[in-house]
Amino acid sequence: MGIIEFNAAKKVDFAAIGRLCIDLNANEINRPMEETITFTKYVGGSPANICIGMSRLGLATGFIGKVANDQMGRFITQYLVKEGISASSVSIDRTGATTGLAFTEIKSPTDCSILMYRDNAADLLLAPDEVSEALVADAKMLLISGTALAASPSREAVFLALDYAKRHGAVIAFDLDYRPYTWRSEQETAVYYNLAAEKCDIILGTREEFDMMERFERNPDRDDRVTASKWFAYSAQLVVIKHGKEGSVAYTKDGASHTARSFPAKVVNTFGAGDSYAAGFLYGLLQGWEVERCMEFGSAAACIVISSHSCSDAMPTTGAVHDYIERCNRGEITANS
Ligand SMILES: Nc1ncnc2c1ncn2[C@@H]1O[C@H](COP(=O)(O)OP(=O)(O)O)[C@@H](O)[C@H]1O
Ligand SMILES: O=C(O)C[C@@H](O)[C@H](O)C(=O)COP(=O)(O)O
């Protein structure tokens with residue numbers, strides 16, 4: 001048995017709630033966006049990327065979200081279906097809302113940024129009565145993502161999904177996914193992030209994301225163990241703190257800590273590192289693996305994605321992740337940065 005216990009009788013391995021968007025990734029890389037002429041369109045949005053990753057890894061998945069009633073919205077839903085994700089809980093907006101767009105700028109493999117267009121975004125209009133209790137009840141794991149807490153009614157929809165998950169015994173994973181431009185203030189952000197995190201079994205975030213949540217607390221040395229310990233007094237069984245290329249550290253409720261180095265990668269851009277890490281890591285937990293093995297698998301999945309142009313489209317299969325680890329162990333892959 002792994003560190004987290006799942007209800008094996010449930011027929012859906014993984015359900016995610018939150019944003020479904022579009023990534024427009026610059027084709028002419030290694031230059032500022034002012035000089036970019038063409039972009040390639042992909043499905044994006046952190047929880048969407050993670051769900052696509054889980055489906056590519058062979059799991060039974062479903063998504064709860066809302067898309068615009070336009071070509072972009074239909075592109076997203078069709079892509080989910082093509083990837084084998086149940087989209088029956090994806091609602092369609094009828095108010096004229098639009099699809100969120102993320103234009104990516106790739107100045108160099110390590111200097112990447114995002115320009116977001118999120119006015120009147122359909123994903124934040126997901127209402128509580130559009131959250132499928134049946135899908136949450138059927139799922140072994142529910143993933144929530146912080147950006148969906150930024151505005152009502154999506155905020156209430158996520159809290160209702162958390163209630164359903166608690167009621168029906170779905171393990172809850174929280175990818176902090178902090179996107180400042182979606183929020184009005186850091187104070188408001190920290191309040192809602194902390195309220196949601198109290199209810200979650202697994203919390204994954206970068207050091208900077210946890211810093212934001214700790215703005216009202218004392219952790220002057222930004223100590224990962226201090227950060228993690230707080231959550232074990234609530235629902236958490238596992239807290240993962242990511243440090244980019246430096247790797248990641250996971251703490252478990254029994255006081256143990258586990259570290260993972262990152263693998264070498266020929267980085268094209270670092271978009272999607274966190275989402276692919278989350279997919280690989282959570283997949284491992286669902287297989288009942290030890291924490292270190294889950295972290296290794298997540299780290300390798302991340303390298304595959306950051307070595308490619310896209311995030312969602314590059315999510316690897318299990319075979320590809322195992323192959324990457326073996327090639328690294330044989331010294332066949334070296335880093336470019
Ligand atoms: N330059 C890199 N080279 C190799 N692995 C990386 C690199 N950047 C990130 N990773 C891997 O992806 C994981 C998540 O990346 P991180 O940047 O911390 O998250 P996020 O994308 O959410 O900001 C890291 O723990 C590491 O395993
Ligand atoms: O989350 C978004 O809206 C944008 C993503 O689709 C994008 O590819 C990205 O930035 C992924 O985030 P990360 O995994 O934290 O790098």
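Everything quoted here is computed from the prediction, not taken from an experiment. No hydrogens, no waters, no symmetry mates; every other heavy atom, side chains included, goes into these values. As the structure lists them, so they are numbered: ligands from 1, and atoms in each ligand from 1.
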Original post:
Nearest protein heavy atom to atom 12 (O) of ligand 2, by residue and atom, and its distance?
Top reply: R179 NH2, 2.9 Å

For [atom], which of [options] has the closest heavy atom?
atom	options	value
atom 23 (O) of ligand 1	V249, T206, I241	T206
atom 18 (O) of ligand 1	C112, G244, A335	G244
atom 16 (O) of ligand 2	G272, A278, G274	G272

**OP:** Would you mind reporting whether I241 and S248 have side-chain heavy atoms less than 4.5 Å apart?
**Re:** no

Original post:
Which atoms of ligand 2 are found less than 4.0 Å from any heavy atom of F271?
Top reply: 10 (O), 16 (O)

**OP:** For ligand 1, note which part of D275 has a heavy atom under 4.0 Å away: side chain, backbone, both or neither.
**Re:** neither

Original post:
For ligand 1, is any non-hydrogen atom under 4.0 Å from S299's backbone (N, CA, C, O), its side chain (CB onward), both, or neither?
Top reply: both

With a 4.0 Å cut-off on N to O distance, would you call [X] and [Y] a salt bridge?
X	Y	answer
E35	R31	no
D138	K11	yes
R207	E214	yes

Original post:
Looking at Y283, F263, Y277, which one forms a ring-ring contact (aromatic ring centres under 6.0 Å, His included) with F297?
Top reply: Y283

